[in-house]
Each structure stands twice: as C-alpha cells, then as structure tokens.
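Structure, as structure tokens:
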Amino acid sequence: MKLVLTRHGESQWNLENKFTGWVDVDITEKGRQEAIKGGQTLKKLGLTFDVAYTSYQKRAIKTLNLFLEELDLLWIPVYKSWRLNERHYGALQGLNKAETAEKYGAEQVHIWRRSFDVAPPQVDKTSEMYPGNIDRYKDIPVDEIPTGESLKLTIDRVLPYWESDISKQIKDGKNVLISAHGNSLRALIKYLLNISDEKILDLNLPTGTPLIFEIDENLNIISAPELF
Ligand SMILES: O=C(O)[C@H](O)COP(=O)(O)O
C-alpha cells in the first residue's frame with residue numbers, strides 16, 4: 001500500500017516568517033502552485049488513493065483539495081482531525097521568527113523551534129489563541145486542549161489517531177493520502193521510521209511536496225523517501 005504525506009503549500013505566514021501553529025492562515029498563490037504540482041507528480045506516477053486525511057486548518061485542507069483535484073479524486077472519503085493540526089506554538093503564535101530571535105536570542109528561538117521536549121511559552125485560557133475558545137475545537141476533551149506544544153507533545157496527540165484510524169486503512173489494503181503540517185508530519189515520520197529524538201530535529205519538510213511511503217499490511221515500511 002502507498003502512504004503519501006504532504007505538508008501544506010506555502011502559507012501567508014510561512015511567507016511572512018511568523019510562528020503559526022493553530023492560527024488558521026491561508027495558502028499563498030505560490031502555495032497553491034506547489035500543491036497543484038504535487039498532485040500532478042502523483043498523477044504522473046500513476047498513483048491513486050482510497051481515502052484521505054487532513055487537519056482542521058485551511059492551509060492543509062486546501063492543499064489536499066488541490067492534490068485531489070489534479071488526481072481527479074475529489075470524490076474519495078476525506079477525514080479531518082484536530083490531531084493532525086500543526087503543533088500549537090503557544091504564546092509565540094503570531095510573532096515574527098526573526099524579531100523574536102532579536103528579542104530573546106537566536107539560541108532561545110532555536111530551542112523553542114527545534115528542541116524535542118521543550119514547550120514554547122503557554123497561552124492561558126483567556127487568550128484568543130486558546131483552542132478552548134475556538135468553536136471548531138469544542139469537541140476536544142478539556143484535559144487534551146493544547147496550550148503550547150513541544151514536538152514530543154505533538155507526537156503524543158498525533159499517534160493515537162494513527163493507531164485508531166489511519167493505520168487501520170493501510171491494514172485493510174487502502175492507499176492513503178495525508179495533507180498536514182511540518183510538525184504533525186515530523187511526529188508521524190519519526191514514529192514510522194523509528195528516528196531518534198536527536199535526529200528528528202534535523203528533518204525539515206518542504207511545502208506542498210508529496211513524500212511517498214510503501215507499507216505492507218503488517219505496517220512494515222517497504223520503502224521510504226530520502227529525507228535527510
Ligand atoms: O507553525 C509554524 O510556524 C510552522 O508551520 C512550523 O514552524 P517551525 O519550522 O518553527 O517548526
């Protein structure tokens with residue numbers, strides 16, 4: 001079976017170099033073109049999909065739709081989950097990454113962005129960035145609502161969805177397409193390829209680019225893309 005992962009096409013805040021996390025930023029025209037090209041790449045390879053997954057965020061949803069349009073697969077079932085959202089960047093969301101580095105030092109910003117288990121500064125429950133104040137997240141159990149996640153915390157909320165839903169499709173012989181985010185996909189790839197806590201920090205995923213994995217029905221990885 002094929003499992004194809006794609007990070008969303010370039011977003012407006014990728015372009016503006018801002019911490020984005022759970023802020024629902026749209027893709028740019030360049031991001032749209034990346035996604036169209038990504039879909040065409042899969043089509044040229046003759047790949048097809050039975051089911052697709054994405055997050056609750058429009059940059060990933062729109063990217064998925066552009067892929068599916070190129071593949072003439074807009075009709076297949078699409079499942080959305082907050083568990084595939086980008087990592088919640090806490091109180092950093094909305095800040096410019098370069099300005100934040102000037103204010104707190106490049107070393108501190110590097111720790112926030114690329115340490116494995118250091119979480120960013122947290123948002124409190126009165127913040128508009130707190131998912132508990134956002135309608136679409138009203139079904140997340142209160143004790144699971146993120147307030148600022150490390151990569152480790154992101155892994156902890158992505159993997160239950162892999163276990164409960166996505167992996168079952170592969171066991172059933174289905175080809176699966178997932179459109180998600182830099183850090184939710186790093187979480188999944190770390191698990192699938194058994195990458196160490198140190199090594200995963202070097203993995204940076206390109207926007208709008210399909211990553212093709214072949215997996216058997218026992219979930220053994222047959223082939224994986226060159227990632228480093
Ligand atoms: O949420 C963000 O800002 C980006 O999508 C990922 O950011 P990072 O490269 O700092 O992890």
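In each ligand, atom 1 is the first atom listed, and ligand 1 is the first ligand listed. Everything quoted here is computed from the prediction, not taken from an experiment. Basis for what follows: all heavy atoms, side chains included, without hydrogens, waters or symmetry-related copies.
- Proximity of a side-chain donor or acceptor of Arg83 to a complementary backbone N or O of Arg157 within less than 3.5 Å is detected.
- At a heavy-atom distance under 4.0 Å, only side-chain atoms of Asn183, from C-beta outward, approach ligand 1.
- In summary, the atoms of ligand 1 found under 4.0 Å from a heavy atom of Phe19, numbered by their order in the structure, are 3 (O).
- Proximity annotation for atom 7 (O) of ligand 1: of Lys97, Glu86, Arg113, Lys97 comes nearest, heavy atoms only.
- With salt bridges taken as basic N to acidic carboxylate O contacts below 4.0 Å, none links Glu34 and Lys37.
- For the pair Asn96 (side chain) and Glu16 (backbone), a donor-acceptor distance under 3.5 Å is present.
- Ring pair Phe19/Tyr89 is perpendicular by interplanar angle, where above 60° counts as perpendicular and below 30° as parallel.
- The proximity of Arg114 to ligand 1, defined as any non-hydrogen pair under 4.0 Å, is limited to the side chain.
- Side chain of Thr63 to backbone of Ala35: no donor-acceptor contact under 3.5 angstrom is found.
- Counting the atoms of ligand 1 from 1 in the order shown, those under 4.0 Å from a heavy atom of Gly21 are 1 (O), 2 (C).
- Between the side chain of Gln169 and the main chain of Val176, no donor-acceptor pair closer than 3.5 Å is present.
- Proximity to Thr20 (heavy-atom distance under 4.0 Å) selects the following atoms of ligand 1: 1 (O), 2 (C), 3 (O).
- Distances between N or O atoms of His8 and those of ligand 1 include no value under 3.5 Å.
- Side-chain N or O atoms of Thr41 include none that pairs as donor or acceptor with a backbone N or O of Gly39 at under 3.5 Å.
- At most 12 non-hydrogen atoms from other residues, nucleotides or ligands lie less than 6.0 angstrom from CG of Asp72.
- With hydrogens left out, the protein atom closest to atom 8 (P) of ligand 1 is Tyr89 OH, 3.4 Å, a heavy atom.
- Neither the backbone nor the side chain of Trp13 has a heavy atom within less than 4.0 Å of ligand 1.
- Contacts between Arg7 and ligand 1, counted as non-hydrogen atom pairs separated by less than 4.0 Å, involve the side chain only.
- Shown in contact with Lys18 at under 4.0 Å from a heavy atom are these atoms of ligand 1, numbered in order with element: 3 (O).
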